[in-house]
Amino acid sequence: MTTKRPEELRSHQWYGTDGLRSFSHRARTRQLGYLPEEHLGKPVVAILNTWSDINPCHVHLRDRAQAVKRGVWQAGGFPLEFPVSTLSETFQKPTPMLYRNMLAMETEELLRSYPVDGAVLMGGCDKSTPALLMGAASADLPAVFVPAGPMLPGHWRAEVLGSGTDMWKYWDDKRAGLIGDAELAELENGLARSPGTCMTMGTASTLTAAAEALGVTVPGASSIPAVDSGHERMAAASGRLIVDLVHQDLRVSRILTREAYEDAVATVLALGGSTNAVIHLIAMAGRSGVPLTLDDFDRIARRVPVLANLRPGGRYLMEDFHFAGGLPAFLARLTDVLHLDRPTVAHPTLREQLADARVHNPDVIRPRDNPLAEEGGVAVLRGNLCPDGAVIKHIAAEPRLLKHTGPAVVFPDYRTMQRTINDPELGITADHVLVLQGAGPKGGPGMPEYGMLPLPDHLLKQGVRDMVRISDARMSGTSYGTCVLHIAPESYVGGPLALVRSGDLITLDVAARTLRLEISEDELARRRAAWTPPPERYERGYGALYSEQITQADTGCDFAFLARRGNSPDPYAG
């Protein structure tokens, strides 16, 4: 291994010169309690930690940071822990998606403005993974990602529970009168039994799997249960690895290539992963200067089958996936569609990384001749309702609804939907199409996970469990149903979704990849001419910046000024 000379390290600008500023930096490091031999001439590693008392997905990361530090010290580096924004899917309102770009910006600027040679990024809950990687891609230093890991399986009586997925299921059972308050109270204690992210193939596990497929984690890292001792060992290994990467000067730009992003897309689709990954991977690729589009997702989806038998589309949970071989074994099933000669942080090539991978349970990680579905789990739709695209996780839908025409029932916003969904005067039947407006990037605000619209109580009591639902919102990766999402442009900026009226016929045809409002172009033009934009939601603060700069779902919902190419020079430290 090549070892950088002390004067070649980026941190040398802060510590190693003869000027007043370096004298001050060294003195302040003594103030922190460190001896000169503990840090001078060593790679300085930033540990960006999204730990928080109110983020149950990350509540164990305070301890895991100590393991990362242990690995950094062992490899001859100098670790410094930085607290960064915590994006808690469970508590943050209106949605942590509103703040993904804020964490990305914080990540980039921390790495740029401090004496840092490399970084370990600690996250996992849905938006934290793309945010950290977006910021690291823009800063372009050596970096390793440490996934928070999935929580333990849930339990209730004789049932094994999957967080999120079973929350929706049993909440609908409660509304249908099949269970009562006592059962619901028991379920509260059984759905989430430990620190860690959702143990289904929700957005968190989808994005951490994508990070591993991109090549920025220790092999196998994405599926290790959060409370397993192997998770602490992985954290320590990541600390050792980052020091090696600094000495190699292996920056993330050499890892996050076009080939890596295509492999991440293939991974997400073959996992039957979350639709949220579409937005996040497009945004991450944009930060890497890689033009990734909805068409790339649809093209790759037609080449890869769904091989992960994981909830919400399958049977098993993340712990089962991990002990079946984890992502290395899963990717070994897909070698014919992967770019095997690209580098990862752990190996010169992905081919070497997967060489010894083995599947230990072929029902969890299916062989190619026994897939859950012949094509990838997400389809991209086009049509006069979504000229810039929309997505549907069709493997989580009832097959009878994948080709459907029905009359719309339109809700102008989520609060109105909540208040009126059970109104008998709406006359909602199982054949209707539920349409939610005003829930996109600007309209939500932040594009909340409103896309799995609740079914009316009277239909649930009749045994109906799925309907066609359409919105410019997102949907939790743990959700299920025939939900068309991410309609672009969104209704808040005058996209065609804003022009739909109750009673209009809407046709969904997933096989044909189309979504159409069945009215004439002349009528659509008349409605467009009569439409008036809503007032801006924010007059000041971060919300105003967000509203001004946010892009649409089809281009990743990044901030325009962050997504564009251009020079951001290192600071002068002298």
Side-chain angles (χ1 to χ4, degrees), residues 47-52 55-58 60-61 64 68 84-90 92 95-97 99-108 111 119-139 143-151 164 195-218 220-224 226 231 234-235 238 252 255-256 260-261 263-265 267-268 271 273-288 292 318 327 345 449 474 476-478 556-558:
I47 302 170
L48 271 56
N49 194 348
T50 53
W51 168 88
S52 168
N55 192 336
C57 303
H58 295 182
H60 59 304
L61 292 186
R64 293 298 177 272
V68 174
V84 293
S85 301
T86 193
L87 305 183
S88 174
E89 200 67 36
T90 45
Q92 194 168 26
T95 167
M97 184 65 177
Y99 302 103
R100 182 200 67 180
N101 298 340
M102 184 172 76
L103 175 55
M105 186 160 50
E106 182 182 18
T107 298
E108 176 182 354
L111 296 182
V120 174
L121 315 169
M122 305 187 70
C125 192
D126 299 10
K127 314 306 175 292
S128 61
T129 299
L132 291 166
L133 290 173
M134 288 163 67
S138 293
V144 175
F145 182 73
V146 171
M151 67 178 90
T197 57
C198 292
M199 76 298 263
T200 53
M201 185 47 69
T203 303
S205 287
T206 300
L207 267 296
T208 55
E212 184 175 338
L214 284 168
V216 293
T217 75
V218 170
S222 63
S223 63
I224 303 173
H231 196 268
M234 177 271 294
S238 300
V252 291
I255 305 297
L256 300 180
Y261 282 108
D263 288 354
V265 170
T267 300
V268 165
L271 285 167
S274 169
T275 50
N276 287 312
V278 178
I279 291 175
H280 296 314
L281 282 172
I282 289 173
M284 291 159 60
R287 294 297 190 94
S288 299
L292 192 67
M318 286 304 298
L327 201 73
V345 294
E449 292 182 339
R474 296 178 301 109
S476 167
T478 65
C557 296
D558 201 357

Is any side-chain heavy atom of D558 less than 4.5 Å from a side-chain heavy atom of N101? yes
Residues which pass side-chain hydrogen bond (donor to acceptor under 3.5 Å, both in side chains) with Q92, listed by chain and number, not counting sequence neighbours: none
Side-chain heavy atoms of S222 within contact of T217, under 4.5 Å: no
How many angstroms lie between CD1 in I224 and CE in M318, if you round to the nearest 0.5 Å? 10.5 Å
For T95, which residues count as a side-chain hydrogen bond (donor to acceptor under 3.5 Å, both in side chains) partner, sequence neighbours excluded? R474
H58 and R64, any side-chain heavy atoms less than 4.5 Å apart: no
In short, salt bridge (Lys or Arg N to Asp or Glu O under 4.0 Å) pairs touching residues 198-210 with sequence neighbours left out are none
Donor-acceptor contact present, side-chain E106 to main-chain S85, <3.5 Å: yes
Any non-hydrogen side-chain atom of P147 less than 4.5 Å from a side-chain atom of S223? no
Given M284, which partner from the list L133, L292, L256 fulfils the side-chain contact (heavy atoms from CB on, under 4.5 Å) test? L133
Which atom pair, heavy atoms only, marks the closest approach of G124 to F145? N-CZ, 4.2 Å
Specify the closest pair of heavy atoms between L327 and A209, including all atoms of both residues, with the distance to one decimal. CD2-O, 3.3 Å
Between G477 and S274, which heavy-atom pair has the shortest distance, and what is it? CA-OG, 3.5 Å
Measuring from atom CG of L207 to atom CG of N276, what distance do you get when rounded to the nearest 0.5 angstrom? 7.5 Å
Please give me the minimum heavy-atom distance between T197 and C125, naming the atom from each residue. CG2-N, 3.7 Å
side-chain hydrogen bond (donor to acceptor under 3.5 Å, both in side chains) with S476: which residues, sequence neighbours excluded? T478
Using side-chain heavy atoms (C-beta onward) and a distance below 4.5 Å, is V84 in contact with L103? yes
If only atom types and distance count, is the side chain of R100 paired as donor or acceptor with the main-chain N or O of C557 below 3.5 Å? yes
Rounding to 0.5 Å, atoms OG1 (T107) and CG (L132) come to a distance of 4.5 Å
Side-chain donor-acceptor pair under 3.5 Å between S288 and Y261, yes or no? yes
Taking atom CD1 of I279 and atom CE of M97, what is their separation to the nearest 0.5 Å? 5.0 Å
Of all residues at least two apart in sequence or in a different chain, which pass the ring pair (Phe, Tyr, Trp, His ring centres under 6.0 Å) check with H231? H60
Restricting to pairs with a member in residues 119-131, which pass side chain to side chain donor-acceptor pair (under 3.5 Å), not counting sequence neighbours? E89-K127
Between I282 and G556, which heavy-atom pair has the shortest distance, and what is it? CG2-N, 3.7 Å
Measure the spacing between OG1 of T50 and CG of N55 and express it to the nearest 0.5 Å. 6.5 Å
What closest approach, in Å, do A210 and V268 show between heavy atoms, and which atom pair accounts for it? CB-CG2, 4.1 Å
So, S205 side chain and G202 main chain: donor-acceptor pair closer than 3.5 Å or not? no
